[in-house]
Amino acid sequence: MIACVLDYDAVRGVLEPVTGSLEGRHLVNLTSGSPEQAREMDAWARSHGIGYLDGAIMTTPPGVGSQDMMFLYSGSEEVFQARREVLSVLGDPLHLGEDPGVASLYDAALLGLMWATMTGWLHGTAVVGADKVEATAYTPIALRWLGAVAHFITTYAAQVDEGRYPGDDATVDVQIAAIEHLIHAAHERGVDNSLPELLRSTMLRARAAGHGSDSYGSIIEVLRRPAGN
């Protein structure tokens with residue numbers, strides 16, 4: 001069975017009265033929640049003899065059914081393989097491992113990436129729009145730029161895993177100088193600068209921590225240790 005309701009309490013509220021008839025069956029839970037809630041739900045399901053798979057829907061309703069859209073799953077590999085054909089009808093099913101909390105963890109992290117990216121695009125659209133550039137003219141260039149950004153991210157991912165950040169492309173110091181141009185351009189056009197100022201403050205913290213000559217990937221070191229900790 002597949003569940004997708006308001007929250008994890010609602011899932012239990014629906015299933016608790018009929019747990020006696022669910023032993024030996026499979027539950028695929030696509031309800032949004034935290035990794036901790038997913039692990040608790042897995043323990044609850046197992047206590048009732050129910051095979052459990054937690055999931056995250058990485059699209060809005062119009063995208064359901066498209067193989068271009070990811071559905072993330074974690075938990076029982078057995079349940080995933082047994083139900084994969086059915087799950088494929090919803091979208092491209094990706095199993096992330098036996099820990100039932102991982103799908104929700106990816107969901108939260110990926111939504112953060114989405115919001116940061118879309119807000120950055122909207123800020124840039126506001127900046128160029130102040131000079132009468134239409135969003136539809138700016139956006140194709142922005143999307144092409146994201147291809148280069150994807151390359152940067154791939155490079156930094158390996159650096160993050162190694163804990164070494166060679167500044168052989170563009171250092172944090174260089175990025176600090178560059179973001180000043182964005183902040184100036186936005187200020188002159190009356191555009192809110194909350195986002196770039198937040199980014200600049202994070203870069204400055206990284207430089208203060210000794211990463212000025214390192215790559216942008218080194219900023220993860222200050223994100224892992226928030227200010228004041």
Side-chain angles (χ1 to χ4, degrees), residues 1-121 143 146 149-150 153-154 156-158 160-163 220 223-226 229:
M1 79 195 95
I2 296 176
C4 185
V5 292
L6 178 63
D7 54 31
Y8 281 69
D9 287 340
V11 177
R12 290 196 189 187
V14 170
L15 298 181
E16 283 280 9
V18 293
T19 52
S21 64
L22 299 179
E23 185 174 355
R25 299 183 64 181
H26 294 162
L27 169 61
V28 179
N29 184 20
L30 294 174
T31 301
S32 296
S34 70
E36 291 71 27
Q37 288 175 315
R39 291 167 185 143
E40 290 171 2
M41 183 63 70
D42 175 70
W44 175 88
R46 285 189 288 107
S47 73
H48 293 287
I50 302 168
Y52 184 75
L53 190 66
D54 204 82
I57 304 171
M58 305 311 300
T59 183
T60 54
V64 174
S66 170
Q67 290 302 301
D68 291 332
M69 300 303 168
M70 297 185 297
F71 278 62
L72 307 181
Y73 299 97
S74 60
S76 171
E77 173 77 24
E78 179 184 353
V79 174
F80 178 74
Q81 294 300 339
R83 304 302 176 186
R84 184 168 192 159
E85 184 175 351
V86 172
L87 299 178
S88 295
V89 174
L90 301 175
D92 184 18
L94 303 179
H95 189 253
L96 304 177
E98 292 280 342
D99 180 349
V102 172
S104 291
L105 189 65
Y106 268 62
D107 182 33
L110 290 170
L111 287 174
L113 175 63
M114 178 190 72
W115 292 319
T117 301
M118 291 199 304
T119 306
W121 165 71
L143 292 177
L146 286 178
V149 173
I153 290 173
T154 301
Y156 296 148
V160 168
D161 285 345
E162 293 177 7
I220 195 169
L223 295 177
R224 286 169 169 163
R225 289 183 286 274
N229 287 7

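- The backbone N or O of Gly75 lies less than 3.5 Å from a partner atom in the side chain of His95, making a donor-acceptor pair.
- The main-chain N or O of Leu96 is never found under 3.5 Å from a side-chain atom of Ser74 such that the two would form a donor-acceptor pair.
- Rounded to the nearest 0.5 Å, atoms CG (Asp107) and CE (Met58) are 4.5 Å apart.
- Salt bridge absent: Asp54 and Arg39 never bring a charged side-chain N and a carboxylate O closer than 4.0 Å.
- No more than 12 heavy-atom neighbours from other residues, nucleotides or ligands sit within 6.0 angstrom of OH on Tyr106.
- Contact of the Ser104 side chain with the Pro35 side chain is registered, since non-hydrogen atoms from C-beta on lie closer than 4.5 Å.
- For the residue pair Tyr52 and Ala45, the shortest heavy atom distance occurs at CB-CB, 3.8 Å.
- Counting heavy atoms from C-beta outward, Leu22 and His48 have side chains that stay 4.5 Å or more apart.
- For the atom pair OG1 of Thr60 and CE of Met69, the computed distance is 7.0 Å after rounding to the nearest 0.5 Å.
- Atom CG of Asn29 is separated from atom CH2 of Trp44 by 9.5 Å, given to the nearest 0.5 angstrom.
- The minimum heavy-atom distance between Ala56 and Ala103, with the atom names listed, is CB-O, 3.8 Å.
- Within the 4.5 Å cutoff, side-chain heavy atoms of Leu15 are placed close to those of Leu27.
- Across all their heavy atoms, Val160 and Arg224 have their closest contact at CG1-NH2, 3.6 Å.
- Between Gly13 and Pro17, the shortest heavy-atom distance links the atoms O-CD, 3.3 Å.
- Annotation: the span from Asp68 atom CG to Thr59 atom OG1 amounts to 9.5 Å, rounded to 0.5 Å.
- Scored by the side-chain hydrogen bond (donor to acceptor under 3.5 Å, both in side chains) test, Ser76 finds no partners at all (sequence neighbours excluded).
- Proximity of Tyr73 to Leu87: side-chain heavy atoms (C-beta onward) are separated by under 4.5 Å at one or more points.
- Residue-environment remark: CD (Glu16) exceeds the threshold of 12 foreign heavy atoms within 6.0 Å.
- The CE atom of Met114 sits 9.5 Å away from the CG atom of Leu110 when rounded to the nearest 0.5 Å.
- Atom CD of Gln81 has more than 12 neighbouring heavy atoms from other residues, nucleotides or ligands inside a 6.0 Å radius.
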Inset, instruction - Kindly determine whether Thr117 and Val149 satisfy side-chain contact (heavy atoms from CB on, under 4.5 Å), including the steps that lead there. - result: CA-CA 11 Å; Thr117 301; Val149 173; over 6 Å; no

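- Judged by distance alone, the side chain of Glu98 and the main-chain N or O of Glu77 form a donor-acceptor pair under 3.5 Å.
- From His26, atom NE2 reaches atom CD1 of Ile2 across 12.5 Å, with rounding to the nearest 0.5 Å.
- Nearest heavy-atom pair, Thr31 versus Cys4, reported as atom, atom and distance to 0.1 Å: OG1-CA, 3.6 Å.
- A donor-acceptor pair is defined here as one N or O able to donate and one able to accept, closer than 3.5 Å; such a pair exists between the side chain of Ser21 and the backbone of Val18.
- Of the possible polar contacts, none joining the Gln37 side chain to the Ser32 backbone as a donor-acceptor pair under 3.5 Å is found.
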